[in-house]
Amino acid sequence: MPHSSPRTAAFFDLDKTVIAKSSTLTFSKSFYQGGLINRRAVLRTAYTQFIFLAGGADHDQMERMREYLSALCKGWNVQQVREIVAEALHDLIDPIIYDEAASLIEAHHTAGRDVVIVSTSGAEVVEPIGEMLGADRVVATRMVVGEDGCFTGEIEYYAYGPTKAEAVRELAESEGYDLSRCYAYSDSATDVPMLEAVGHPHAVNPDRALRREAVAREWPVLVFNRPVRLKQRLPGLSMPPRPALIAAAAVGAAAATAGLVWYASRRRAGAGAA
């Protein structure tokens, strides 16, 4: 349906833009303790995750990781994943939301703009986080769930790179957003297509490639460095009733933390031998 007047929105990436860590990394201990991954899987994924945490992974690395994690989660029971995350979401996510990002979200709402979270992470985790933040809409990766309630290992929708920009344009058409007056925020060069789609793009804690793009295009560069509990800012906030995490994301989470521990122990062993 056509709208009587153009509306506006602010589009936010999630990991390292709104929250201080990868939304998958924070659940590593819980998923390892829940038995969803074993030591072999942790070590196999560790190097790729370490590169991502240290400075960001390029497109080819992200594709290889996506393919591996999709295959690894095949057969996982979705309800088990949801139950584990339900116990940990409040304690793990609430403390790592950037105060600066929360303030921006509030400011955009005050200005009458919708807030949309656009994330490569799984919808099962992004949606409850978006609800925590008061976001109006969420765009996130979706995995296929079979009739038995388990992940099939296939990805129904991958919110990554140009796909994010397509989602933004589709939302603009369906919701009546005037993209020339809209805002977007991200830390990664893979989100340049999404940033290009709006009239007011912003680089937040950018990786090297995005920083170069931002300087060349004269985009504002923002630094967020103050994580804060939402309940300290908004005491009336309550947690969403249906938190859950995509299984592929959970694998990466545990792999990342274990990978860092493994990497550090190898360095110590090498130093001792020397």
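Basis for what follows: all heavy atoms, side chains included, without hydrogens, waters or symmetry-related copies.
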Do any side-chain atoms of residues 148-157 form donor-acceptor pairs under 3.5 angstrom with protein atoms, and if so which ones, sequence neighbours left out?
{"from": "Asp148", "atom 1": "OD1", "to": "Cys150", "atom 2": "N", "distance (Å)": "3.1"}
{"from": "Thr152", "atom 1": "OG1", "to": "Glu154", "atom 2": "N", "distance (Å)": "3.2"}

Might you point out which heavy atoms bring Ala123 and Pro128 nearest each other, and give the distance in Å? O-CD, 4.1 Å
Does the side chain of Ile97 reach to within under 4.5 Å of the side chain of Met132, using non-hydrogen atoms? yes
Are Leu171 and Val116 close enough, and set up right, to give a side chain to side chain contact (heavy atoms under 4.5 Å, CB included), and what steps lead you there? CA-CA 10 Å; Leu171 273 177; Val116 183; 3.8 Å; yes
Could you verify whether a donor N or O on one side chain and an acceptor N or O on the other, from Tyr98 and Asn225, lie under 3.5 Å apart? no
Applying side chain to side chain contact (heavy atoms under 4.5 Å, CB included), run through Thr17 and Asn205 and close with a yes or a no. CA-CA 7 Å; Thr17 302; Asn205 300 337; over 6 Å; no
Using the test ring-ring contact (aromatic ring centres under 6.0 Å, His included), find all partners of His109 that sit at least two apart in sequence or belong to another chain. none
Looking only at non-hydrogen atoms, find the nearest pair between Pro206 and Leu222 and report the distance. CD-O, 4.3 Å
Ignoring hydrogens, what is the shortest heavy-atom contact between Ala159 and Ser119? Give both atom names and the distance. CB-O, 3.4 Å
Are the aromatic rings of His108 and Phe11 close, with centres under 6.0 Å apart? no
Search all heavy atoms of Asp136 against all heavy atoms of Arg113 and return the closest pair with its distance. OD2-O, 4.3 Å
Rounded distance (nearest 0.5 Å) linking atom CD1 of Ile117 with atom CG of Leu14: 6.0 Å
What is the distance from atom CD1 of Ile19 to atom CD1 of Ile129, rounded to the nearest 0.5 Å? 5.0 Å
For the atom pair NE2 (His200) and OG1 (Thr8), what is the distance rounded to the nearest 0.5 Å? 9.0 Å
Backbone N or O of Ala189 within a donor-acceptor pair of the Asp207 side chain at under 3.5 Å? yes
CD of Glu87 to CG of Leu92, rounded to nearest 0.5 Å, is 11.0 Å
Within the structure provided, determine whether Pro201 and Glu196 are in side-chain contact (heavy-atom separation under 4.5 Å). no
If Ile, Leu, Val, Met, Phe, Trp and Tyr residues are connected whenever their side-chain heavy atoms lie under 4.5 Å apart, and connections chain through other members, are Phe12 and Leu195 in the same group? no
Provide the closest heavy-atom pair for Pro227 versus Pro95 in the form atom of the first, atom of the second, distance. CB-O, 3.5 Å
Worked verdict on Val192 versus Leu210 for side chain to side chain contact (heavy atoms under 4.5 Å, CB included): CA-CA 7 Å; Val192 165; Leu210 180 56; 4.0 Å; yes
Nearest heavy-atom neighbours spanning Ser121 and Asp15: OG-OD2, 3.2 Å
Could you grab the distance from atom CD of Gln79 to atom CD of Glu83, nearest 0.5 Å is fine? 4.5 Å
What distance separates Ser188 OG from Tyr160 OH, expressed to the nearest 0.5 Å? 6.5 Å
I'd like to know whether His202 forms a side chain to side chain contact (heavy atoms under 4.5 Å, CB included) with Trp219, so could you lay out the CA-CA distance, the side-chain angles of the two residues, the decisive distance to 0.1 Å, and finally the verdict. CA-CA 6 Å; His202 294 73; Trp219 291 346; over 6 Å; no
Using 4.0 Å as the upper bound for N to carboxylate O, is an ion pair formed by Lys16 and Asp187? no
Pair Asp178 + Arg7, salt bridge at N-O below 4.0 Å: no
side-chain hydrogen bond (donor to acceptor under 3.5 Å, both in side chains) pairs touching residues 163-172, sequence neighbours excluded, are Asp13-Lys164, Lys164-Asp191
